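In what follows, a structure is listed as structure tokens, so that the remarks can point back to it.
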Amino acid sequence: MPQGVVIIGLQWGDEGKGKIVDYYTAEADIVARFQGGNNAGHTLVVQGTKTVLHLIPSGILRPHAKCFIGSGVVVDPEVFLEEIDILKKAGVPDLENRIAISDRCHLIVDYHKHLDAAREGRKGGIGTTKRGIGPAYEDRASRRGLRLADLYNGKVFEEKLNDNLQEKNFLLKEFYKVAPVNMDAFLKKYSQIAERLKPFVKDVSRELYNEIQNGKKILFEGAQGILLDVDYGTYPFVTSSHTLPSQAALGLGARLPKDTLFLGIVKAYTTRVGDGPFPTELKDSQGDLLRSKGGEFGATTGRPRRCGWLDLVALRYALQVSGIKHLGVTKADVLSGIDELKVCTGYQYNGKTYDTFPADTSLLDKMQPVYQTLPGWKEDLTHIRSAADLPKNLTAYLRFLEEKTQSQVNLISTGAGREAVIDIHRAF
Ligand code: IMP
């Protein structure tokens with residue numbers, strides 16, 4: 001791998017990034033997260049037991065790799081410590097020396113989770129993961145946030161908390177009619193948490209700077225996808241962070257290595273969890289088939305994912321706003337056995353055809369996809385390890401995708417297994 005690889009989802013998350021991250025982690029020295037929080041999720045098998053990690057990069061399962069969590073990530077310390085317990089119990093070694101969380105990270109605390117859940121319980125919710133992500137990022141922007149560094153300055157922490165609780169408890173009690181947060185219980189809980197977290201809290205920007213200087217290989221692991229970016233996604237049906245590759249530098253306080261591959265991951269069809277426009281959604285048995293064959297249920301919330309055909313208008317847009325040119329295509333195996341595959345190449349609305357992605361989400365909701373039909377393939381892909389052995393109709397499907405989006409497929413994942421990846425070894 002080059003010295004840096006940035007992995008970015010090009011759709012609405014759940015593109016199978018974890019699989020590609022795992023592929024590169026074999027060679028990476030460090031896996032670093034730079035945005036989002038425990039709204040993400042990777043399902044892993046640790047010592048024969050299925051485990052889902054939401055915050056700590058799955059690279060932690062490779063004993064040679066270090067894992068960094070940059071300041072752009074919002075951290076729920078309780079979730080972090082639960083994951084530490086799971087990893088310790090499974091015998092994963094040397095966690096204190098291999099995991100670093102930035103002291104600049106904003107905390108997700110109880111009132112963020114209560115507010116997220118209370119808002120989602122009302123009309124106008126957008127289908128969030130209810131993990132407190134949005135409220136924590138709001139506090140960061142309004143400069144009310146509690147940061148990890150504050151946990152180690154009792155006086156500052158208490159003052160900030162007091163200010164916050166006056167406002168948050170008013171909202172929780174008077175507006176949302178749910179239970180407020182008790183200051184004393186909160187302080188006690190978080191002083192215990194602070195103690196346990198201490199060995200992991202570091203100056204991640206500095207550590208990363210040194211590692212990059214020393215020629216170490218870094219994998220920058222994005223969460224969610226471009227269409228969930230707070231500005232460039234289908235606003236307001238988005239997450240609260242930037243999911244673009246430029247966030248990798250911002251969210252870690254780092255200059256990326258000169259030799260960095262920006263790899264966008266795209267599922268061979270499209271899925272989405274939560275509300276919001278989805279022009280190629282299939283609400284029929286074809287959609288059900290993709291869901292059951294592709295195991296399309298959220299790793300974080302267990303919600304069934306909405307499924308639909310590949311949307312090249314959305315993909316072209318994601319590539320445009322991210323500058324990404326190189327693709328990793330996942331889950332083509334799920335399409336095996338479907339006679340005819342539809343691919344969206346434009347949208348139609350009011351008698352006009354569009355090939356761009358509109359900012360007005362309500363308009364996107366009304367747009368009808370224009371499809372081109374491509375012949376499917378029947379072969380099981382799971383054991384194919386060379387691009388030359390791929391079914392010819394799959395190769396044509398990938399060429400069509402490349403041509404219509406002016407991009408290049410570098411990796412193809414052909415099944416769930418760790419080894420089911422074809423690297424076309426194209427220069428970038
Ligand atoms: P939040 O990030 O919990 O605020 O949720 C905002 C939107 O992003 C909702 O539609 C979620 O379903 C979606 N979302 C957040 N994280 C992920 C993810 O990791 N995969 C897919 N969708 C996500």
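Everything quoted here is computed from the prediction, not taken from an experiment. Worth knowing before you read on, the calculation uses all heavy atoms, side chains too, and leaves out hydrogens, waters and symmetry mates. Counting starts at 1 for both ligands and their atoms, following the listed order.
- Among all non-hydrogen protein atoms, the one lying nearest atom 10 (O) of ligand 1 is V273 O, 3.2 Å.
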Q: Run the numbers on E340 and Y371 for side-chain hydrogen bond (donor to acceptor under 3.5 Å, both in side chains), then give the verdict.
A: CA-CA 11 Å; E340 289 190 330; Y371 286 120; over 6 Å; no
**Q.** Stepwise side-chain hydrogen bond (donor to acceptor under 3.5 Å, both in side chains) test for E402 and S407
**A.** CA-CA 5 Å; E402 286 186 325; S407 61; over 6 Å; no
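- Of the listed residues (N39, L228, I126, D116), the one carrying the non-hydrogen atom nearest atom 14 (N) of ligand 1 is L228.
- Protein heavy atom at the shortest distance from atom 12 (O) of ligand 1 is R303 NH2, 3.0 Å.
- Contact analysis puts A40 in contact with ligand 1, with a non-hydrogen atom separation below 4.0 angstrom.
- Of the residues listed (R291, R303, K331, R306), the one engaging E296 in a salt bridge (charged side-chain N to carboxylate O under 4.0 Å, His left out) is K331, and it is the only one.
- Here the side chains of I193 and F80 are not in contact, with every heavy-atom distance at 4.5 Å or above.
- Inter-residue side-chain proximity for Q286 and I338 is flagged as met; some heavy-atom pair is nearer than 4.5 Å.
- Shortest contact from atom 5 (O) of ligand 1 to any protein heavy atom: T128 CA, 3.3 Å.
- Looking only at heavy atoms of the protein, atom 20 (N) of ligand 1 is closest to D14 OD1, 3.2 Å.
- By the criterion of a heavy-atom distance under 4.0 Å, neither the backbone nor the side chain of R131 is placed next to ligand 1.
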Run the side-chain donor-acceptor check on residues 101-111: report pairs under 3.5 Å with partners two or more places apart or on a different chain.
unit_1, atom_1, unit_2, atom_2, d
S102, OG, R104, N, 3.0
D110, OD1, K189, NZ, 3.1
D110, OD2, K189, NZ, 2.9

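- In this structure, R305 falls outside the shell of residues with a heavy atom less than 4.0 angstrom from ligand 1.
- Ligand 1 places these atoms under 4.0 Å from at least one heavy atom of W12: 21 (C), 22 (N).
- Nearest to atom 2 (O) of ligand 1 by heavy atom, out of N38, I133, V230, T239, is T239.
- For the atom pair CD (Q368) and OH (Y347), the distance works out to 11.5 Å, reported to the nearest 0.5 Å.
- At a 4.0 Å heavy-atom cut-off, ligand 1 does not touch F237 at all.
- In summary, the atoms of ligand 1 found under 4.0 Å from a heavy atom of G127, numbered by their order in the structure, are 9 (C), 10 (O), 11 (C), 12 (O).
- When all heavy atoms of L197 and P77 are compared, the closest pair comes out as CD1-CB, 3.7 Å.
- Taking any N or O of T129, backbone or side chain, at least one lies under 3.5 Å from an N or O belonging to ligand 1.
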(Q) As a quick check of understanding, evaluate side chain to side chain contact (heavy atoms under 4.5 Å, CB included) for L151 and V201, giving each step before the final call. (A) CA-CA 10 Å; L151 278 178; V201 180; over 6 Å; no
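- In this structure, CG in L315 is found 5.0 Å from OG1 in T405, a value given to the nearest 0.5 Å.
- Residue V238 places a heavy atom under 4.0 Å from ligand 1.
- Nearest protein heavy-atom contact of atom 17 (C) of ligand 1 is Q224 CG, 3.5 Å.
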